[in-house]
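Here is the structure we will look at.
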Amino acid sequence: MVRITLPDNSVREFEATTTTGAEVAASIGAGLAKAAVAIEVNGVAQDLSEPIADNAKVNIATAKTELGLDTLRHTLAAQVLALAVKELFPAAKLAIGPTIDTGCYYDIEFPTALSSDDLPKLEERMRDIIKTGRAVVRELWEPEQLITHFEATGDSYKSLIIAEAVEKGQTIGGKVSAYRQIGSSVAGKEFIDLCRGPHAPSLDKITLAFTLTNLAGAYWKGDSQNQQLTRIYCVAFASQKELDAYLTMREEAEKRDHRKLGRELELFHLQEEAPGQPFWHPKGWSIFLELEAYIRQNLRRYNYREVNTPKLVSKGLYEQSGHWQNYREDLFLTCDDVMQPIVEPAAHEKAQATTLGSMAKGIDSLGIYSLKPMNCPCHVQVFRQGTKSYRDLPLRMSEFGMCMRNEAHGALHGLLRVTSLTQDDAHIFCTPEQMESEIIALCNLIDEVYEPLGFKDYSVKLATRPEKRVGDDSLWDAAEKALADACAKIGIPLTLAPGDGAFYGPKLEYHLKDAIGRTWQCGTVQVDFNLPIRMGALYTNEAGERVPCVMIHRAILGTLERFIGILIEQYEGKFPTWLAPVQAMVIPITDAQNDYAEQVRQTLMDAPITTATGGLRVEVDTASERMQKKILFAQQKKIPYMLVVGKKEAEDGTVAIRLRDGTDLGAKPLAWLLDRLKTEVLTRADTPTTSAQAA
RNA sequence: GCUGCUGUAGCUCAGUGGUAGAGCGCGUCAUUGGUAAUGACGAGGUCGGCAGUUCAAUCCUGCCCAGCAGCACCA
């Protein structure tokens, strides 16, 4: 007899000791039996066909549950998409087909390139396969036999996975599970897929709404040294409604793409002569300046001192720091004259073309310089001027330094990944004893900076020692512990990112989510015991000894370029007044009010309101258009305040105020408006709303 | 860097082996309008770059550059 506890804590008894999930579901009701796709037994997912242990707590999964949806997506990938590919492209080699939070994908090696034109055909075949409603049965195989099977079908990647599972001891009593689709046929054999499961017991359970969206390249096991496979993405949801909602969401996300808005709002542009380097237009640059000022104001509260250091620095400094050894490929190198031949042209003919530009790296005899890829080595040089004692620490050195990185070409992406980047960078030189309180202060500062910008939800990862690193492991132990302890102390939940640390130290990574749900690393806090030793950042301790300090590398916004890109998407271009490139647009109703409109603009521009650009940013729309059109235009430019001036306002010395969201505040004296703008700008209020009307 | 795709007017895009089109935007003129698009006319393109095939290339082929969707990378 088997006793089974249901989610409502009721207990049912079954005679047979081999009672399965399917039987439990059937005992509850025919509807549930039909909808069931898998079952959770004591928190572990298993097939409906497997027997359930005595005294188990179970939860039956349907398309409406997380596990059920995941199981159906999994079956869709492994039994439907995979089979469709095998039927249409017999020579294709299946690799892996996991689920993701919007559906699933399958990585496959194709002998000839698949094109996106093939997707509709594949999708149609998938629907045909589902219509057969064939049963999918779990089987346990001897690893060698299953490998033999996959060698015969050409799916050598499956063999590799089996071999690895055996090696790692991830087997079920020495066997591996596979799923057979009863009645299917590929090259005369029933289709079998290696899988841990669970799977839906039959294809007619797959009631998902799905569509194949796109193709992409992806490396086998995520390693760029390996074979590149073709990844087929499939979005799949429990209902057509959810699928439509997801597709609509993607379209909406496209509308707030910072590259599109950046052009429409005249913030910046990119062109091929300067890949990855934004040309900032006046309106975009004003955002840049405001953010910089915002950060400066915050740093002041935490006693930072700002510096500025050279852009073009000899490679020697980077050899000392270790960046040369780790990032040489990504440095922009130059010397006094790259076109000057290195070898005497007369020596031999080929030498004519042999310039530094062509021979480039590894030539020590010439003074080779690198555009600085980061600020830390330069900051150490500032620190080293003069003798420092423990009384000088902690020393917090900040810089908005522009760095250049020759990023992999495929990595560039609008403002989110650029070649020339401006970090809100700083290095804290401190003693080991000060380290923890400095990290805690930093975590607080970061939160205080993010919060007013609307980023309340972010995740923090602890990136630990990578394989390629410098320094003793004992130092790494201490550094990783310092970060973990500090976070524990102030209650920041951490997830681990093993091996993702910098070559000189572990780091906390702050990840923010953008409008399309992609996450971007922005803030970072890195504890470094190694560069101070390598580069001689020493201080005299209380005992009079010269010892290396601890260096904490940190950035809050990360790079201003990336952060502005994220902000554009976050706000959909509707910046709060303090950040808005144009804060108010004066709209004269007829030409007769142009002079008054200009007076209004001048009054606002001259108002004693401090902004990063020296005062309020106001424009006048004197186009020979109807007022309605000018309002529409200002709205399209997402300008927070529209100040309509007609004959009446000109006579009364007022402006008729209309907000970006359509709210009409009516005619108000200029002094009233100035008061309101001043409050809004100085407090960096989120956005102009009617609720602020009391101001 | 890798896989697939794209590059035609300021923007969005159509099109053809015989040197190009639309809508919006832009300019001029008329209109002087009270809170989401006034009308007429006009200008604007080495069809990403370099080679090749051809009597002829924006179109076909190759190479390069840039961009897009991912992957890898991200000090």
Side-chain angles (χ1 to χ4, degrees), chain A residues 105 107 109-110 113-118 213-233 257 259-260 263-264 266 269-276 318 321-327 329-331 372-377 403 405-414 416-418 421 423 425 463 466 468 500-505 507 509 518 520-521 524 526 528 531 553 555 558-559 562 587-594 623-636 642 644-649 656-659 662-664 666-667:
Chain A
Y105 65 79
D107 285 352
E109 184 186 325
F110 287 91
L114 194 69
S115 111
S116 49
D117 298 341
D118 296 320
T213 50
N214 58 308
L215 293 174
Y219 298 104
W220 167 241
K221 296 177 104 178
D223 187 338
S224 61
Q225 300 298 308
N226 289 341
Q227 171 75 29
Q228 186 157 33
L229 310 170
T230 302
R231 177 170 295 179
I232 303 173
Y233 279 95
D257 188 309
R259 294 164 296 188
K260 182 176 142 70
R263 188 171 52 235
E264 288 172 1
E266 304 169 88
H269 86 271
L270 293 157
Q271 65 183 54
E272 60 179 303
E273 286 82 355
Y318 299 112
S321 70
H323 287 93
W324 178 265
Q325 295 82 337
N326 281 275
Y327 292 104
E329 292 299 319
D330 299 329
L331 301 179
K372 74 169 163 186
M374 89 309 291
N375 300 309
C376 25
C403 298
R405 297 179 184 178
N406 195 3
E407 302 280 9
H409 290 151
L412 299 179
H413 180 95
L416 299 184
R417 192 73 184 271
V418 289
L421 46 110
Q423 291 172 304
D425 200 10
K468 199 176 174 189
D500 278 356
F503 72 87
Y504 49 73
K507 58 184 179 183
E509 297 176 348
R518 293 173 298 197
W520 297 95
Q521 187 196 319
T524 181
Q526 307 169 358
D528 177 9
L531 286 195
H553 309 237
T559 77
R562 165 183 293 185
I587 300 175
I589 292 177
T590 75
D591 292 354
Q593 288 87 45
N594 281 358
S624 167
E625 293 288 351
R626 296 175 59 218
M627 175 199 58
Q628 285 86 339
K629 181 139 185 185
K630 294 184 191 178
I631 285 174
L632 178 68
F633 178 77
Q635 203 146 345
Q636 282 169 346
M642 290 165 229
V644 179
V645 294
K647 196 174 166 200
K648 223 169 58 202
E649 287 79 10
I657 305 172
R658 187 194 148 103
L659 301 183
T663 309
D664 188 355

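Numbered from 1 within each chain, the chains take letters A, B, ... in sequence-line order. What you see below is based on every heavy atom in this structure, not just the backbone, and it leaves out hydrogens, waters and symmetry mates.
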Could you report the tightest heavy-atom contact between A/Pro466 and A/Gly501, atom names first, then the distance? CG-O, 3.5 Å
Does A/Ala113 reach a base, just sugar-phosphate, or nothing at all? Heavy atoms under 4.0 Å. sugar-phosphate
Mapping A/Ala656 and A/Asp223 to their closest nucleotides on RNA chain B, which lands nearer the 5' end? A/Ala656
Would you list the protein and nucleotides 8-15 of chain B atom pairs, both N or O, that sit under 3.5 Å from each other?
unit_1	atom_1	unit_2	atom_2	d
B/U12	OP1	A/Arg263	NH2	3.0

Between A/Arg405 and A/Asp330, is a salt bridge (charged side-chain N to carboxylate O under 4.0 Å, His left out) present by the stated rule, with each step listed? CA-CA 6 Å; A/Arg405 297 179 184 178; A/Asp330 299 329; over 6 Å; no
A/Asp664 bridged to A/Arg658 by N-O distance under 4.0 Å: no
Spell out yes or no: do the side chain of A/Arg405 and the base of B/C74 have one donor N/O and one acceptor N/O closer than 3.5 Å? no
Closer than 4.0 Å, any side-chain N/O of A/His413 to the OP1 or OP2 of B/A69? yes
Separation of A/Thr559 OG1 from A/Arg417 CZ (nearest 0.5 Å): 10.0 Å
Report the distance from atom CD1 of A/Ile657 to atom CD of A/Glu649, rounding to the nearest 0.5 Å. 10.5 Å
Which part of the nucleic acid does A/Lys648 contact within heavy-atom distance under 4.0 Å: base, sugar-phosphate only, or nothing? base
Without swapping roles, check the side chain of A/Asp500 against the backbone of A/Ala463 for a donor-acceptor pair under 3.5 Å. no
Flag the pair A/Lys221 and A/Asp223 as a salt bridge only when some basic side-chain nitrogen lies within less than 4.0 angstrom of an acidic carboxylate oxygen. no
Verify the stacking flag for A/Tyr233 against B/G70: centroid separation must be under 5.5 angstrom and the ring planes must differ by under 30 degrees. no
So A/Glu649, base contact, sugar-phosphate only, or nothing? Heavy-atom distance under 4.0 Å. base
Taking the minimum atom-to-atom distance to the side chain of A/Tyr327, which one of B/U35, B/C74, B/C71 wins? B/C74
Return the polar atom pairs (N/O with N/O) between nucleotides 40-47 of chain B and the protein under 3.5 Å, or none.
none

OH-OH distance between A/Tyr327 and A/Tyr318, expressed to the nearest 0.5 angstrom: 14.0 Å
Rounded off to whole Å, could you give me the CD-to-P distance for the A/Gln593 and B/U35 pair? 14 Å
By the 4.0 Å heavy-atom rule, please label A/Ala411 as base, sugar-phosphate, or nothing. base
Between the side chains of A/Tyr219 and A/Gln225, is a donor N or O closer than 3.5 angstrom to an acceptor N or O? no
Gap separating the SG atom of A/Cys376 from the CG atom of A/Leu531, nearest 0.5 angstrom: 6.0 Å
Taking all atoms of both residues into account, what is the closest heavy-atom pair of A/Asp528 and A/Tyr504, and its distance? OD1-O, 3.3 Å
Would you kindly give the CG-to-C1' distance between A/Leu632 and B/A37, to the nearest whole Å? 6 Å
Rounded distance in Å between the P positions of B/C68 and B/U54: 38 Å
Just by distance, no angles: are the side chains of A/Gln325 and A/His323 close enough, under 3.5 Å, to form a donor-acceptor pair? no
Which whole number of Å gives the distance between the C1' atom of B/C73 and that of B/A56? 47 Å
What nucleic acid atoms does A/Gly322 come within less than 4.0 Å of, heavy atoms only: base, sugar-phosphate, or nothing? nothing
Using OP1 and OP2 only, check whether a side-chain N or O of A/Lys507 sits under 4.0 Å from B/A75. yes
Interatomic distance, CG@A/Leu331 vs CE@A/Met374, rounded to 0.5 Å, equals 7.0 Å
Under a 4.0 Å heavy-atom criterion, the protein footprint on nucleotides 24-32 of chain B, written with B, S and -, is -S-----BB
Base, sugar-phosphate, or nothing: which does A/Arg658 touch, judged by heavy atoms less than 4.0 Å apart? base
If you look at every strand shown and take non-hydrogen atoms under 4.0 Å, does A/Gln635 touch a base, only sugar-phosphate, or nothing? base
Test of understanding: with ring pair (Phe, Tyr, Trp, His ring centres under 6.0 Å), list the residues that count as partners of A/Phe633, not counting sequence neighbours. none
Between A/Gly646 and A/Gln636, who's closer to the 5' end of RNA chain B by nearest nucleotide? A/Gly646
With rounding to whole Å, what would you report as the distance between B/U16 and B/C59 at their P atoms? 14 Å
Tabulate protein N/O versus nucleotide N/O from nucleotides 59-67 of chain B, keeping only pairs under 3.5 Å, one per line.
unit_1	atom_1	unit_2	atom_2	d
B/C65	O2'	A/Glu272	OE1	3.1
B/A66	O4'	A/Glu272	OE1	3.4

So which heavy atom on A/Ala502 is nearest to which on A/Gln526, and how close? CB-OE1, 4.5 Å
Just the dot-bracket of RNA chain B, please: which string comes out with Watson-Crick or G-U pairs under 3.5 Å, [ ] for crossing, | for another strand? (((((((..((((....[..)))).(((((.......))))).....(((((..]....))))))))))))....
What contact category does A/Tyr219 fall into here, base, sugar-phosphate, or nothing, at under 4.0 angstrom with non-hydrogen atoms? base
Value for CD1 (A/Ile587) from CD (A/Gln628), rounded to nearest 0.5 Å, stands at 10.5 Å
